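Remarks on the structure that follows.
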Amino acid sequence: MKVRTRVAPSPTGDPHVGTAYMALFCRALAHKHGGEFVLRIEDTDAVRSTAESEAVILDSLKWLGLDWDEGPDCGGPHGPYRQSDRKHLYGPYAAQLIAQGDAFHCFCTPERLTEMRAEQMKAGKTARYDGHCMSLSAEEVKSRLDGNTPHVVRMKVPEEGTCLVQDKLRGEIEIDWSQIDMQVLMKTDGNPTYHLAVVVDDHLMEISHIIRGEEWINSAPKHILLYKYFGWPMPELVHMPLLRNPDKSKLSKRKNPTSINFYKDMGFLPEALVNYLGMLGWSMPDGEEKFSLEQMVNQFDINRISLGAPVFDMEKLKWLNGRWLREELSDDQLADKLIEWSFNRETLLQVIPLIKERVDVFSEVAPISTFLFDGMLALDESSFDGVKNLEPDQVKLVLQFALWRLEAQRDWSAESLNQLFVQLAEQLDYKIRDVLAPMFIAISGKPVSPPLFDSMSLLGPDMTRARVRHALNSLGGVSKKQLKKLDKQYVALAN
RNA sequence: GUCCCCUUCGUCUAGAGGCCUAGGACACCUGGUUUUCAUCCAGGCAACAGGGGUUCGACUCCCCUAGGGGACGCCA
């Protein structure tokens, strides 16, 4: 059988290193066995999915060299490769399950479900649909459907027994059916949920091996059951360990930069980042730590994957990057890479308007603009001494609120960043000057610098957010207790 | 709370019953090369979570405990 794998990102945000991690292993397995690696866009969440996010994710994966054999941009024999373009496909499958008696219409309101789950959890039970709408008669269902009552389609799940999940890495995993919820398959808006779409698409696209994060183990029984209902052959399951923050929690942008673009902005080489991801949870037979994507594919053996969840260690990534840079690039090539990265005419033309009025001779250009080419700035508490009108706690509050706003911000033009801060200052009833003072330190490292919003715009969302987070950390970070308090204030702010 | 997964130096890992006095790498420390720094080289510190089995023999197999993580959405 042909080995076909897929990575299926959801275009709802920044390109995540975890997506690249899965793409790397999917690609390695497929290509090692002469098969194909597919990229599919899972945009069944119509509210959160955006075309921009999709474009950025595709670009990032390409930048890393993790290109695919079939996908939304290049097509292929199993297209389309975007679930929103396949929307018409899923309804009939849901209808088939209803006709077979393996699924049913559900008219329960979200309120009732929330209440039901809360009660179940309170009683120490697993939250699970209680089967309320399964008892509806055919006539009742028909009349409600005719009356256009909002509804979903749910799959039926056995009450008793055990599901055996075969995982290539972990062997047999037993999960009781009583633990499995009667998953919604079709949403009120007519879109399939991930669970239906993934099964239908993986089957239609002839995916042979599903490589995904460990977080999916618990929903494997739902998928296995759907394959059974449809009478389709079950692909092999490979659940990879999850990448971790230094504190061992699941890698998250709150604690560690997760956007691929951040690493690009920092000036990492794509080869080094891919190499680093490859050595998390996997190793070359000879123990060599520096290897190219091609070398990894050639040597790839799924049995060399280790299951302990690896901590993403930027220090080691940096060391590896240094090796790639020194060992693989001639001075000439390095010069080209630097130009490509930031030292180009285009970037320069964006910087010059910010500094022209502030320099008299060329030799002043570098000192005033270094922060635009820097990574994480060398900050400590004393860096914020110049912030006079705010108490230390207020400085933290401003930075944290700004960070939250910036995380939600999509338009990264200087003008809309300006508006963001004007609004924040108004809502806080602070002077804009006082709100901006800590921001200047966070972004440029100094109390005075070229225009803040233009600088932020130039640095881009990933680097800007990382700097604000870094500033917060250099002030001792925000404790859980503080965070809770701030969050409360922040929510109150919006209303 | 319920269920599931995981567990070798601080971190990434090698290890598929005797080759383990547990190897490598990052970080850290020491020394050498270098006008300084970095690179590079040499050396050092440092781990099989705990307890029971199985076995002539357990880092490796089984069980229990502990710790960590994840899942419990009309998100993926």
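Here is how names work: the chains are called A, B, and so on, in the same order as the sequence lines, proteins then strands, and each is numbered from 1. Owing to the predicted nature of the structure, the values given are computational and were not obtained by experimental measurement. Hydrogens, waters and symmetry mates play no part in the numbers below; they use all other heavy atoms, side chains included.
Spacing of P atoms, U7(B) relative to A46(B), comes out at 25 Å, to the nearest Å. Taking the C1' atoms as reference points, C48(B) lies 10 Å from C9(B), given to the whole Å. Between the P atoms of G17(B) and C3(B), the separation comes to 34 Å (whole Å). Taking the C1' atom of each, G18(B) and A58(B) are spaced 9 Å apart, rounded to whole Å. Here the separation of G68(B) from G73(B), taken at their C1' atoms, is 25 Å to the nearest Å. Between A16(B) and C26(B), the distance separating the two C1' atoms is 26 Å to the nearest Å. Rounded to a whole angstrom, the distance from the C1' atom of A27(B) to that of C12(B) is 11 Å. Remark: the separation of the P atoms in G43(B) and A25(B) is 10 Å, to the nearest Å.
In this structure, the CG atom of D14(A) is 16 Å from the C1' atom of C75(B), given to the nearest Å. Whole-Å rounding puts the I175(A) CD1 to U2(B) P distance at 17 Å. In this structure, the CD atom of E174(A) is 19 Å from the P atom of U2(B), given to the nearest Å. We find that CE of M314(A) is positioned 24 Å from P of A25(B), with the value rounded to whole Å. In this entry the distance linking CG of L320(A) with C1' of U11(B) reads 14 Å, nearest Å. Separating the CG atom of N303(A) from the P atom of A14(B) is a distance of 12 Å, rounded to the nearest angstrom. Between the CD atom of Q83(A) and the P atom of C74(B) there is a distance of 17 Å, rounded to whole Å. Rounded to whole angstrom, the span from the CD1 atom of I210(A) across to the C1' atom of A76(B) amounts to 14 Å.
Among the heavy atoms of the strands, none lies under 4.0 Å from W282(A). Looking at heavy-atom distances under 4.0 Å, R128(A) makes no contact with the nucleic acid at all. Within 4.0 Å (heavy atoms only), S219(A) reaches no atom of the nucleic acid at all. Within the nucleic acid shown, V152(A) comes within 4.0 Å of at least one base atom, counting heavy atoms only. The residue T188(A) sits close to a base: some heavy atom pair falls under 4.0 Å. The residue C108(A) sits close to a base: some heavy atom pair falls under 4.0 Å. Across all strands shown, M279(A) has heavy atoms under 4.0 Å from sugar-phosphate atoms exclusively, and none from any base. Heavy atoms of G213(A) sit nowhere under 4.0 angstrom from any nucleic acid atom. Within the nucleic acid shown, Q120(A) has no heavy atom closer than 4.0 Å to any nucleic acid atom.
For S10(A), whose side chain is taken as the heavy atoms from C-beta onward, the closest listed nucleotide among G73(B), A76(B), G1(B) is A76(B). When distances are taken from the side chain of D45(A) to each of C4(B), A76(B), C74(B), the shortest belongs to A76(B). Comparing C75(B), C12(B), A27(B) against the side chain of E315(A) picks out A27(B) as the nearest. Taking only side-chain atoms of E42(A), from C-beta outward, the nucleotide of A76(B), C3(B), U13(B) with the closest atom is A76(B). In this structure, of C74(B), A71(B), U13(B), it is C74(B) that holds the atom nearest to the side chain of V184(A). Residue R170(A) places its side chain closer to C6(B) than to any other of G1(B), C12(B), C6(B). Nearest nucleotide to the side chain of Q183(A), out of U13(B), C3(B), C74(B): C74(B). Checking C5(B), G69(B), A25(B) against every side-chain atom of W319(A), the shortest atom distance belongs to A25(B). Taking the side chain of L307(A) as heavy atoms from C-beta on, and the options C6(B), C4(B), C74(B), the nearest nucleotide is C6(B). In the set U2(B), C74(B), U13(B), C74(B) carries the atom at the smallest distance from any side-chain atom of R154(A).
The 12-atom threshold is not exceeded at CD of E294(A), counting heavy atoms of other residues, nucleotides or ligands nearer than 6.0 Å. Residue E115(A) places its CD atom among 12 or fewer non-hydrogen atoms of other residues, nucleotides or ligands, all under 6.0 Å distant.
Residue R212(A) places no side-chain N or O under 4.0 Å from the OP1 or OP2 atom of G70(B). Residue T126(A) has no polar side-chain atom (N or O) positioned under 4.0 Å from OP1 or OP2 of C72(B). Between A16(B) and R304(A), no contact under 4.0 Å exists linking OP1 or OP2 to a side-chain N or O. Considering only side-chain N and O atoms, T114(A) lies nowhere under 4.0 angstrom from the phosphate OP1 or OP2 of G73(B). For A76(B), one of the phosphate oxygens OP1 or OP2 lies less than 4.0 angstrom from a side-chain nitrogen or oxygen of K187(A). Phosphate contact (OP1/OP2 of C3(B), side-chain N/O of K125(A), threshold under 4.0 Å): absent. Between R244(A) and G69(B) there is no side-chain N or O to OP1 or OP2 distance below 4.0 Å.
Comparing A123(A) and D43(A) along RNA chain B, the residue whose closest nucleotide (by nearest heavy atom) sits nearer the 5' end is A123(A). Residues G287(A) and Y194(A) each lie close to RNA chain B; by heavy-atom proximity, the contact nearer the 5' end of the strand is made by G287(A).
Ionic pairing of R410(A) and E52(A) is present here: one or more N-O contacts between side-chain nitrogen and carboxylate oxygen are shorter than 4.0 angstrom.
Across all strands shown, nothing is found opposite A16(B) as a Watson-Crick or G-U wobble partner with both distances under 3.5 Å. Across all strands shown, C28(B) pairs with G44(B); the Watson-Crick or G-U wobble distances both stay below 3.5 Å. With a cut-off of 3.5 Å on both pairing distances, the Watson-Crick or G-U wobble partner of C72(B) is G1(B).
The backbone N or O of R4(A) sits less than 3.5 Å from a side-chain atom of S208(A), completing a donor-acceptor pair. Judged by distance alone, the side chain of H105(A) and the main-chain N or O of L145(A) form no donor-acceptor pair under 3.5 Å.
Here the OH-CE distance, from Y263(A) to M266(A), works out to 8.5 Å after rounding to the nearest 0.5 Å.
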Please evaluate residues F268(A) and Y276(A) with respect to the criterion ring pair (Phe, Tyr, Trp, His ring centres under 6.0 Å), reporting the C-alpha separation (whole Å), side-chain torsions for both, the decisive distance (0.1 Å), and the verdict. CA-CA 11 Å; F268(A) 284 97; Y276(A) 182 65; 9.0 Å; no
Walk me through whether E327(A) and K290(A) qualify under salt bridge (Lys or Arg N to Asp or Glu O under 4.0 Å). CA-CA 10 Å; E327(A) 296 170 17; K290(A) 177 161 159 268; 3.0 Å; yes
Walk me through it: do H16(A) and T258(A) pass the test side chain to side chain contact (heavy atoms under 4.5 Å, CB included)? CA-CA 5 Å; H16(A) 200 279; T258(A) 56; 3.4 Å; yes
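Taking 3.5 Å as the limit, the base of A27(B) and the side chain of K316(A) contain no donor-acceptor pair of atoms between them.
A centroid separation of less than 6.0 Å is found between the aromatic rings of W282(A) and F291(A).
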